[in-house]
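Atoms within each ligand, like the ligands themselves, are counted from 1 in listed order. Here the structure is a predicted model, which is why all the values come from computation and not from measurement.
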Amino acid sequence: MSTRAAAPLPALWEDLTFLSPLSEQRADAQAAWLAEGLGPGTVLDVGCGWGELLLRVLERAPSARAVGVDVEPLRVQEAGRRAAARGLGGRARFVTGDASGEVRDRLPPVVDALVVSGSSQVWGPPVEEGRPLDYGAALAAVRAHVRRGARVLYADAIWSRPPTPAAVAPLSGRDDEFVTLHELVELAVGHGFAVVAFGESSLEEWDAFESGFGAGVARWLDRHGAAHPEAGAVAARAADQRAAYLQGYRGVLGYAHLQLLAV
Ligand SMILES: C[S@@+](CC[C@H](N)C(=O)[O-])C[C@H]1O[C@@H](n2cnc3c(N)ncnc32)[C@H](O)[C@@H]1O
């Protein structure tokens, strides 16, 4: 996902339901599972984006409370707006900042359910450093944050197929950035979880996710026209992303979904 130009593109939530390859159907099933075990408890979403999954949990768990944290202020602002619009503002609290840094003390220390989707890097090296994703650090931090019996939804990137040079080139350039689904499941077990369900995003979910990035660019180009001084850079950014996916990591980079029970 390269960024050649700093152009004012539409917000990602205008074209994507989630900031991960997640279908409506899978999201609703995940939200229902989390809500079922929650009762009057608290669910925490670390790296909540614009809070969509968390709000779907609250809609199904009428006496539960939710806390979401994300380092991107505009996403957190959108999460708060959505919560208020859906009458959930009184039960949802959103925090802006680094979940393992400056806002750590503003999060509940132990919760009854927890979501980490696409945000394992909160507890490991920054993505920009291109080092292997530290799933172990994330799983250990998640386990320390939940009570025994808590339901945890843990999702992140994996290799669906052995990495190819074309797939790794637009990512970190290394084969060991991610693990396989089997390796991830065993890591979860090794960090104090029982595995209730595992799976990975389909190619359709991936295509919808990657298309969502391009949709905003298409609308921007339509609105501003080809004569806009930034039009070339905006189009080039979309072309880079399409090539990275369609010629590179499509079908190789996967996204795992684990439903875990803290034991
Ligand atoms: C791949 S997105 C997934 C967002 C959301 N979980 C979803 O599936 O739609 C990862 C999110 O983690 C957030 N994030 C990254 N590092 C963070 C940190 N240190 N503290 C809090 N949030 C962080 C990003 O801003 C981003 O919104």
Could you list the atoms of ligand 1 found under 4.0 angstrom from a heavy atom of [X]?
X: Phe18; value: 9 (O)
X: Val122; value: 16 (N), 17 (C), 18 (C), 19 (N), 20 (N), 23 (C)
X: Gly97; value: 20 (N), 21 (C)
X: Ser119; value: 12 (O)

Would you tell me which option among [options] has the nearest heavy-atom contact to [atom]?
atom: atom 27 (O) of ligand 1; options: Val71, Val69, Val76, Asp70; value: Asp70
atom: atom 6 (N) of ligand 1; options: Gly124, Gly47, Ser120, Gly49; value: Gly47
atom: atom 15 (C) of ligand 1; options: Glu102, Gln121, Glu72, Arg104; value: Gln121

Distance-minimising heavy-atom pair for [X] and [Y]:
X: Val252; Y: Pro163; answer: CG1-CA, 3.8 Å
X: Ala79; Y: Gly49; answer: CB-O, 4.3 Å
X: Leu133; Y: Ser120; answer: CD1-CB, 4.0 Å
X: Val57; Y: Ala35; answer: O-CB, 3.8 Å
X: Val111; Y: Pro108; answer: CG1-CG, 3.5 Å
X: Val103; Y: Thr96; answer: CG1-O, 3.2 Å

[X] versus ligand 1: do any nitrogen or oxygen atoms come within less than 3.5 Å of each other?
X: Ala99; result: yes
X: Ser20; result: yes
X: Arg75; result: yes

Structural part of Glu52 in contact with ligand 1, heavy atom criterion under 4.0 angstrom: neither
Which protein non-hydrogen atom lies closest to [atom], naming both residue and atom, and how far is it?
atom: atom 9 (O) of ligand 1; answer: Leu19 N, 2.7 Å
atom: atom 3 (C) of ligand 1; answer: Ser117 O, 3.2 Å
atom: atom 10 (C) of ligand 1; answer: Gly118 O, 3.3 Å
atom: atom 19 (N) of ligand 1; answer: Asp98 OD1, 2.9 Å

Side-chain donor/acceptor of Arg26 to backbone N/O of Glu200, under 3.5 Å: yes
Within-4.5 Å side-chain heavy-atom neighbours: Ser119 and Val116: yes
Mutual orientation of the aromatic rings belonging to His228 and Trp220 [parallel < 30°, tilted 30-60°, perpendicular > 60°]: perpendicular
Heavy-atom gap Gly101 to ligand 1 smaller than 4.0 Å: no
Identified side-chain contact (heavy atoms from CB on, under 4.5 Å) counterpart of Leu114 within the set Leu260, Val142, Val67, Val43: Val142
